Number of protein chains: 2
Amino acid sequence: MFQYAETDPMMSHDDAREQEATLRVELLQEQYRRLQAADQTLLIVLAGIDGAGKGSTINLLNTWLDPRHIHTLAYGDLTHQEAMRPAMWRYWRDLPRKGQTGVVFGSWYGTLLTEAARKKPDPAKMAMYARVINRFEAMLAAEGVQVVKLWFHLSRQAQKERANRMLKDPETAWRVSHADLKVRKKFDRLRNAGELTISQTHRSHAPWIVIPSANEDMRTLCAAQAILSALKRGTARRVQADEPLPATLLPLPARPPKTPALRKSSYDDELLHWQSRLAHAVRDKSFSHKSLVLAFEGLDAAGKGGSIRRVTAALDVRNFDIHPISAPSAYEASRPYLWRFWRKLPAHGKIAIFDRSWYGRVLVERVERLTPPPAVRRAYDEINDFELQLAANGTLLLKFWLDVSKEEQLRRFREREASPFKTFKITPDDWRNRAKWKAYQAARHDMLTRTSTEHAPWHTVQSDDKRAARVHIVKTIALALEAMRKPRFREPEVGDQVNVLS
Amino acid sequence: MFQYAETDPMMSHDDAREQEATLRVELLQEQYRRLQAADQTLLIVLAGIDGAGKGSTINLLNTWLDPRHIHTLAYGDLTHQEAMRPAMWRYWRDLPRKGQTGVVFGSWYGTLLTEAARKKPDPAKMAMYARVINRFEAMLAAEGVQVVKLWFHLSRQAQKERANRMLKDPETAWRVSHADLKVRKKFDRLRNAGELTISQTHRSHAPWIVIPSANEDMRTLCAAQAILSALKRGTARRVQADEPLPATLLPLPARPPKTPALRKSSYDDELLHWQSRLAHAVRDKSFSHKSLVLAFEGLDAAGKGGSIRRVTAALDVRNFDIHPISAPSAYEASRPYLWRFWRKLPAHGKIAIFDRSWYGRVLVERVERLTPPPAVRRAYDEINDFELQLAANGTLLLKFWLDVSKEEQLRRFREREASPFKTFKITPDDWRNRAKWKAYQAARHDMLTRTSTEHAPWHTVQSDDKRAARVHIVKTIALALEAMRKPRFREPEVGDQVNVLS
């Protein structure tokens, strides 16, 4: 795939000037067209032989386009904040909004390229890294984030000459970095790494384009042309995603029997007992290296809010955040749907509580047809991928589905209407949702069967008896945290690999 | 001020239950009223004697209010990202949007309280810390962020008893932190620190309220009452701000004479020379401990964009961000106007380039009357405060005002209309702004006379000759960075103090 680039093709400066004139006008027009449409993001991922001129090319193209709407996303060593989250967190965090362009240096290809550049790359690891990347890019593409990847390439001889030329001239010597000089010694390995990487991650919805880089005009025009055609083409109509990451689905738990009502006195004792256990567990030293994510789902008046308050009563307000999830704001809606959840992932020693969650995608958005059915169908696997990355990072995720019976829900609605404390909790929406009871039960069923995985099982809770439900939830969290303190016999092998990706 | 609280007033549990019922309804109503109005933020700052029950009180009040719209903002030791920015950065970054409530632990009072708790507090330092705080809170108040500060207090005896009681019961022992135990030994010093702090930072627009904390019911109800009346009262109508931080104003620079046009050949040479100097300076090791902020202002077609491109050509795209500033989005407009600029402050080794800036407040917002005149008038000092904090943090700020003559502007407008590269740059707005030439010159004059300070002088650039202007700008930045590498004889004393505040 590098044959043409390694012939180090040239072009005359006059030809280049002529083509440049046309290209610049078209680039600007396309950039502005997409800015106005604001329905797609473009991510340009840069990779290739070091010293091939990635930086100078992008600097120059910045002056051809309107640089104010291009965001450079450059990643180096992990910061402390980044190291506490799943590897993909920093890339999610920085996703530009629709209409904008991002240029990515030091992208999610780092780990794959490093592995591929080893003397003997591990094929299993490489396959796993590539799969994580391919799943990520397919999801971006399906969500309106177009990814195009440029590999800057030149022959070994040309690379050497370019560095020597620049080093000689004091005006340009500063452009040659230390890394450039070192890399000249391992040209072959990087070349092979590029070949392996490209062959495993080239997809029609996220293509690699090789940029011949020996000649400056050639390099600039090829890169400009690649960007222009990406801008014109836009995101793929159909995205053929790779197989999802390996997730073991659990059988649907039987609908829990109605538990006998818990008497007030036993409730108080039991709740205090489990709150105390929970309080100790989150204050244990081991928790300072872990994070906890709690997701609460359930129909209106199933008791999510009350349960959350019983949990938080045992926590220190300084260590948790509650995220009530409703329809995304315009700011959030201009990115892929999982973006707003990625952003809220907690640091170590912290707890994020979601009052409704990313499962809205397959619940309310499905029932209300806010999202097209194909997007809902692919969401199950996307969510499993997401949760696998949490697990791999040592984040404990506990998902609670609160089951309330239709009669009990009605009773609670009536009670809310009557109580001055609770009247704010009941809206016409609640009654409308109740009318769609059957559709929600179907959505619940599919969700539980398709996203209850070994790495992130669902906990279903019969919540007609609020007290029993609350004790059960606090107890489940406390026990899960306590279990994490014990040595584990089986490390999540796949997960480890997933998370190395950075 | 602590006399009443130190009598450790009690109330009967029955009285408390009765008052609680009314308070809860009112609290919820007020919270919802303000959520819907979405025109003010409430920040509740917590301080006081450790072990007085701040945490448990807020935990409880969280269950009285709707906790999903309350954000706990808890600050501890500086993170790496925080340590690279001015001390106030982390508080600005986390400001909740209008309609929401923030509860602040470990707030901007940390440094002042620490100084005040010394055996011999330094009065000059204390005064400076208090002034920074008072200026900050006054600005928040004027911008719709209401600040109310609760000081939890109890007698020495009650503090001791409370800790012992909790320690004895295994169910509550976890609530007593290590810090609580230590603090019992230095009750008097903390008490005095509280007195000093409150007396210097109590303002009618940002009041301190002492909460008697020996009795749980009393403490909870007093805190709830304080929050309720803050919610009802809303932000101050008139904010009496303290004197601005000390900033030495520089005389208005004479309007620079038209420089003789720079010939193309000398331009190319000079530009490359200064770009090379600039390139070296930002790659110098010393820059990895500094940040650079560039602000470009000037009328339409004054040459801001072209100048920025000549600067960035010498930089590595991985190390800078360009922020084009236009009208704030809804997301930005729901916070004080400086918020969006604070958020964009660069880390060490990084450069933030503002194409238009916070000076929009006193330029376009003044001329177009987008902001009421009193808010514009106070902005000059607020901006000087902001820039002083940058200087104190070792951030180099360079502000360029590009002066273009009326004739030259017209020529450039015509040229833009004719060029396929540039036609996107000219809009009806540009012609409308041109019609307001005089108003903009008046705004320019006031801005230059009121915000050209010793710590952040304006650089005015005659830009009718684009080449000369560009060379001048690149040269100014290169020289300023080079000057920073030399040892400084006079450290900004005030600045140092400003920045210690965290």
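Keep in mind it's a predicted model, so treat the numbers as computed, not measured. In what follows, chains carry the letters A, B, and so on, assigned in the order in which the sequence lines appear, proteins first and then strands, with residues in each chain numbered from 1.
Interface check for chain B: of the options T72(A), L73(A), L27(A), the most heavy-atom pairs under 4.5 Å are formed by T72(A).
Residues T312(A) and N62(B) have side chains not in contact (no heavy-atom distance under 4.5 Å, counting atoms from C-beta outward).
The CZ atom of R318(A) sits 7.0 Å away from atom NZ of K54(B), with the distance rounded to the nearest 0.5 Å. Here the CH2-CZ distance, from W64(A) to R309(B), works out to 12.5 Å after rounding to the nearest 0.5 Å. In this structure, CD1 in I70(A) is found 8.5 Å from CD1 in I322(B), a value given to the nearest 0.5 Å. Atoms CD and CD, on Q81(B) and E82(A) in that order, are 7.5 Å from each other to the nearest 0.5 Å.
Of the possible polar contacts, one joining the N59(B) side chain to the L315(A) backbone as a donor-acceptor pair under 3.5 Å is found.
Between V317(B) and the choices T57(A), I58(A), L46(A), the side-chain contact (heavy atoms from CB on, under 4.5 Å) rule is met once, by I58(A).
For Q29(A), no part sits under 4.5 Å from any heavy atom of chain B, backbone or side chain. When heavy atoms are compared at a cutoff of 4.5 Å, D66(A) approaches chain B solely by way of its side chain, counted from C-beta outward. The part of D355(A) that comes within reach of chain B is its side chain, from C-beta onward, which places non-hydrogen atoms under 4.5 angstrom from that chain. Only the side chain of T79(A) comes within contact range of chain B, judged by heavy atoms closer than 4.5 Å.
In this structure, E417(B) places its CD atom where more than 12 heavy-atom neighbours from other residues, nucleotides or ligands lie under 6.0 Å away. For R340(A), the CZ atom sits in a packed shell: over 12 heavy atoms of surrounding residues, nucleotides or ligands are nearer than 6.0 Å. Atom CD of E270(A) is surrounded by more than 12 heavy atoms from other residues, nucleotides or ligands within 6.0 Å. No more than 12 heavy-atom neighbours from other residues, nucleotides or ligands sit within 6.0 angstrom of CZ on R97(B).
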